[in-house]
Amino acid sequence: MALLSKKDANLIKDPLADNNPITIQVLGICSALAITAELKASVVMAISVLFVLGVGNVVISLIRNIIPAKIRIIVQLVVVAALVIIVDQVLKAFAYELSKTLSVFVGLIITNCIIMGRFEAFALGNGPWKAFLDGIGNALGYGIILVIVGFFRELLGSGTLFGMKVLGDPVAKTGLYSIGYENNGFMIIPPAALIVVGIIIWVQRSKNRALIEEA
Amino acid sequence: MLEHLELFFRSIFVDNMVFAVFLGMCSYLAVSKKVSTAVGLGAAVIFVLGVTVPLNWLLDKYLLQDGALVWLGPEYADYDLSFLSFILFIATIATMVQLVEIVVEKFSPSLYNSLGIFLPLIAVNCAILGGSLFMQTREIPNIGLALNYGISSGIGWFLAILAIAAIREKIRYSNVPAPLRGLGITFIITGLMGIGFQSFGGMLTGDNEPPEETQSTTVETKEEKEIKKEIEDKEEAISYNEALNK
């Protein structure tokens, strides 16, 4: 027996490509771009969002019938803020250097539009299990883009992946550097992230022309 | 006075909310199709940032910082509640936005109608929370500067959304490759504008200040900056010595 019914599986699969939170729904770009200069930070950010969105969706879904509609935004913000505080404290305890790198962007998960967007659009109207799958799916879709951007920016910008020198040593001129390859410093600066995401959108929409926007 | 001016221009151009730290990108992309709506949202952001940053500064100073509770009595000097700052800041912002909405609706219905839909949106705009969090990490020393910081970073955001909205209105007449239309080209234009704004990085490097690292992708904390400064000082001293030896 399949673990997930087909409908449930779609909840996870859709956000990965055709309904991706970043490239299609245009949510959660705020905190996504600034930390993608290194792959490691991107992965940690993706995992943090996975945790917050997965758990948050379940919590909101459980209390959806007792939240008064008028103050639901504040209730949602409090739930997210509590979860983000947990993430922040865990990062500070176990990965202090990394939490320094991410700085305020961990806190900004609170206002990450993906989270509020999924609460509003899905968790408020569906049961906990579905909400959980939806949260995981969307967080993974977000994470994929983050990792892709982080991969290219770190590889082309610093010639490293996870801090390891995969292209050889630029100082000792080994590997690719021995034939005159240079790191592209352009990829490190923040605006490059926007351009990389723009190119990802371009590639995705060229493959799936149904996604092209009307002029 | 000078520090006010410096902070003002730095927040607008050098540390621009959109181009340097990518805050408020969601509404920046979603509400930038027309100049008139962009102006409405931009004005609302300036206003809310101008209110919430000083307010959160007070909270930070008298409630959250390490030892901030000392005004209650000496036995409270050891409390450090800074881990609560996220939840307190966001609660302030959400209630302020709600409050502003009610007040504006009551006293100026015309303004309410023009801002109406944007006000609730702003509660979840990362630029607002980001403003408060940066205020905290950069350790802004007094409430006047905090007010200045809130308003000027709001103006920076306003400029950014105004510029992209104007460009998007015009680009409709251009022949953009179909898959890039809409979102894709907006991203790339924003990237190019960001590169342009990087050139402001040299604007505030005065006589004896070391050049500011605006290009770093992460926000440096104060300690890191101090360490960097030390290293630079040492390097300077070394090169000076070498020059002397020659």
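Since the model is a prediction, treat every value here as computed from it, not as a measurement. Residue numbers start from 1 in every chain, and the chains themselves are labelled A, B, ... in the order their sequence lines are given, proteins ahead of strands.
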*chain A heavy atoms under 4.5 Å from Gln136(B): which part of the residue, side chain, backbone, both or neither?*
neither

*Which bit of Leu129(B) is near chain A, if near means a heavy-atom gap under 4.5 Å: side chain, backbone, both or neither?*
both

*With respect to chain A, which residue among Ala94(B), Gly130(B), Pro177(B), Pro179(B) yields the maximal number of heavy-atom pairs within a distance under 4.5 Å?*
Pro179(B)

*Considering only heavy atoms and a distance below 4.5 Å, find which of Leu192(B), Ile195(B), Ile93(B) pairs most often with chain A.*
Ile195(B)

*asked:* With chain B as the partner, which of Ala192(A), Gly117(A), Gly107(A), Ala193(A) has the greatest number of non-hydrogen pairs under 4.5 Å?
replied: Gly107(A)

*Heavy atoms only, distances under 4.5 angstrom: which of Gly198(A), Pro191(A), Ala81(A) has the most pairs with chain B? Name it, please.*
Pro191(A)

_Tell me every residue that passes ring-ring contact (aromatic ring centres under 6.0 Å, His included) with Phe47(B), counting only those two or more places apart in sequence or in another chain._
none

*Please name all residues satisfying ring-ring contact (aromatic ring centres under 6.0 Å, His included) with Phe197(B), sequence neighbours left out, ordered by chain then number.*
Phe19(B), Phe200(B)

*Lys/Arg N to Asp/Glu carboxylate O, Lys92(A) vs Asp88(A), below 4.0 Å*: yes

_Any donor-acceptor N/O pair, Arg205(A) side chain to Ala178(B) backbone, under 3.5 Å_ = no

*Please name the residue in the list Val51(B), Ile46(B), Val45(B) that meets the side chain to side chain contact (heavy atoms under 4.5 Å, CB included) test with Leu49(B).*
Val45(B)

